[in-house]
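Step one of this worksheet: look at the structure below.
Within every chain, numbering begins at 1; the chains are lettered A, B, ... in the order of the sequence lines, protein sequences first and strands thereafter.
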Amino acid sequence: MNDFDTKWQACAARARQATHRDEQLPFGFATRVVAQATRPGAAPLEFAWDRLLARLLAGAVAVLLVCAAAELPHLRDAQPLKPGIENAVAQLVWSL
Amino acid sequence: MTATDGDLLRQVERARLGDPEASRSLVEALHPQVIRIVRSHLPVRAAEEDLAQEIFVKLFTRLDQYQARSSVPFEHWVSRLAVRTCLDALRAERRRPELRWSDLPEEQSAWLEFMLVDEAARPDTAPASARELLEKLLSQLPPDDRLVISLMDLEEQSVKEIAALTGWNIPLIKVRAFRARRKLRKLAETFKKENPHERL
C-alpha cells in the first residue's frame, strides 16, 4: 500500500466516525409509498418488461414442447421425417 | 432467526396479500436501513426522499419474487435492491459536479493536503469534514468505481459482502477497487495542481 492509500485510509477511518444524521421517517412517507405502490398501473416500466419477457419465454417453451411432442412418434422410425414436417419444425425452432 | 426477523416475515406475507397496514409497518421498519444506503450512494442532484420512495415502490412490486425459504435474509434482499437502485440513479446522472480547490472549506483542504504532501500532519478536524471531502472526491469517479470504494472504505464491507450486494464477481470487485484507487490518486493530484496557492 503506498503513502496515498495509507493516508486515504486514515481519512476514511475519521470519516466513518461521523454520526449518522437523523433517520426518522418523514411525515406521511409510509402512506405515500404504499399508495403509490398499490395504485393500479404503478408498476415501473422495467417490471412490466420483466413480466412481458417471462410470458414470451413461457410461450417459447410451450412451442418447443409441442414440437418435441410432434417429433416423439418418429423417434424410433427408421424412415426420416417427411420433408414437409421436418422443414416446418426446423423453421419454427430457428425462428425462435 | 430472531423474533424480529419472524415479525418482519409475517409483515411481508401480509403485505403480499395487500394489507396496507402491514405495508406501512414494513416501510417504517426498513426505512432506517434504506435511508442509510441512499445517503451513502446518493447522486448529487437527487433528493434522498425521492430515491428512498423509488426503492420502496420497487420493493412492493417485486415482493412476490422474494423467497422466504431461500438462504438470503429479507433485510439483505432489501439492501441489494436499494444498492442496485442507487447504482442505476448514479449511472443516470449525466454530469458530475465540478470540484474546485477554492470551493473546499479549510478543514477539507487540510485533509487533501495531508493525503498528497509527505510532510503534512494529520488534520484534527471533525469526522464530518473528512467524510464530506471523501464524498466530494468519490462523486468525481464513475458510478461503479464510486460504489465499490464507498462500500469498502466508508462502510467497511468485505469483498464477499459487496459481491452479494452488487451481483459482481470477486475478481471484478478487486480489479475495480484497484483501478478506482488509482483514479482517485490521479484525481487528487490533478486537483491539487489547480490549487491557486500551489501555482505561486
Side-chain angles (χ1 to χ4, degrees), chain A residues 1-68 93 96, chain B residues 15 18 20-28 31-36 39 48-49 52-63 65 88 111-112 114-118 120 122-135 137 149-150 152-156 181-182 184-185 188-189:
Chain A
M1 196 181 272
N2 64 33
D3 204 34
F4 177 84
D5 287 341
T6 312
K7 289 180 169 184
W8 170 272
Q9 292 302 334
C11 188
R14 178 66 59 88
R16 285 195 296 270
Q17 291 167 5
T19 48
H20 289 294
R21 279 178 285 158
D22 185 21
E23 287 162 3
Q24 219 172 15
L25 198 67
F27 180 75
F29 181 82
T31 309
R32 276 200 303 281
V33 166
V34 174
Q36 197 185 339
T38 53
R39 201 180 55 201
L45 195 64
E46 184 192 340
F47 186 63
W49 180 243
D50 282 356
R51 286 175 59 179
L52 181 69
L53 283 181
R55 284 180 189 180
L56 282 174
L57 189 66
V61 169
V63 169
L64 281 174
L65 286 176
V66 169
C67 292
V93 170
L96 291 174
Chain B
E21 194 52 48
S23 303
R24 274 194 290 274
S25 304
L26 213 50
V27 173
E28 284 163 14
H31 183 265
Q33 178 191 346
V34 168
I35 205 70
R36 268 200 298 274
R39 282 177 185 163
E48 63 180 38
E49 200 179 313
Q53 187 162 329
E54 188 184 332
I55 291 166
F56 278 111
V57 171
K58 267 190 187 174
L59 182 145
F60 285 115
T61 50
R62 294 178 184 186
L63 210 50
Q65 294 174 16
D88 288 343
W111 272 110
L112 196 56
F114 164 69
M115 283 191 251
L116 293 167
V117 179
D118 287 343
R122 181 191 293 214
D124 186 23
T125 66
S129 60
R131 183 154 194 123
E132 279 167 27
L133 173 72
L134 294 194
E135 282 174 356
L137 288 172
I149 295 293
S150 187
M152 265 185 182
D153 294 348
L154 293 181
E155 295 173 34
E156 288 188 297
R181 286 184 208 287
R182 208 167 46 186
L184 269 173
R185 188 197 173 109
E189 284 168 352

Side chain, backbone, both or neither: which part of B/Thr125 has a non-hydrogen atom closer than 4.5 Å to chain A?
-> both
Against chain A, label B/Leu154 side chain, backbone, both or neither, depending on which of its atoms sit under 4.5 Å from a heavy atom there.
-> both
So which part of B/Val34 gets closer than 4.5 Å to some heavy atom of chain A, the side chain, the backbone, both or neither?
-> neither
Atom group of B/Ile149 that falls short of 4.5 Å from chain A, counting heavy atoms | side chain
Atom pair CG (A/Asp5) and CZ (B/Arg181), whose distance is rounded to the nearest 0.5 Å | 6.0 Å
Which of the residues B/Ala128, B/Ala188, B/Pro127 is involved in the greatest number of heavy-atom pairs with chain A at under 4.5 angstrom?
-> B/Pro127
Interatomic distance, CD@A/Gln17 vs CZ@A/Arg14, rounded to 0.5 Å, equals 5.5 Å
Which atoms of B/Glu48 approach chain A - backbone, side chain, both or neither, heavy atom under 4.5 Å = side chain
Between B/Leu116, B/Leu133, B/Leu184, which residue shows the highest count of heavy-atom pairs closer than 4.5 Å to chain A?
-> B/Leu184
Option that, when pairs with chain A are counted at under 4.5 Å, heavy atom only, ranks first among B/Glu155, B/Arg39, B/Glu189 = B/Arg39
Could you give the distance from CD (A/Gln9) to CE (B/Met152), rounded to the nearest 0.5 Å?
-> 9.5 Å
Does any non-hydrogen side-chain atom of B/Phe60 lie less than 4.5 Å from one of A/Val33?
-> yes
Describe, in one word, how the ring planes of B/His31 and A/Phe29 are oriented to each other, choosing from parallel (under 30°), tilted (30 to 60°) and perpendicular (over 60°).
-> perpendicular
Looking at side-chain heavy atoms only, is the closest gap between B/Glu54 and B/Asp88 below 4.5 Å?
-> no
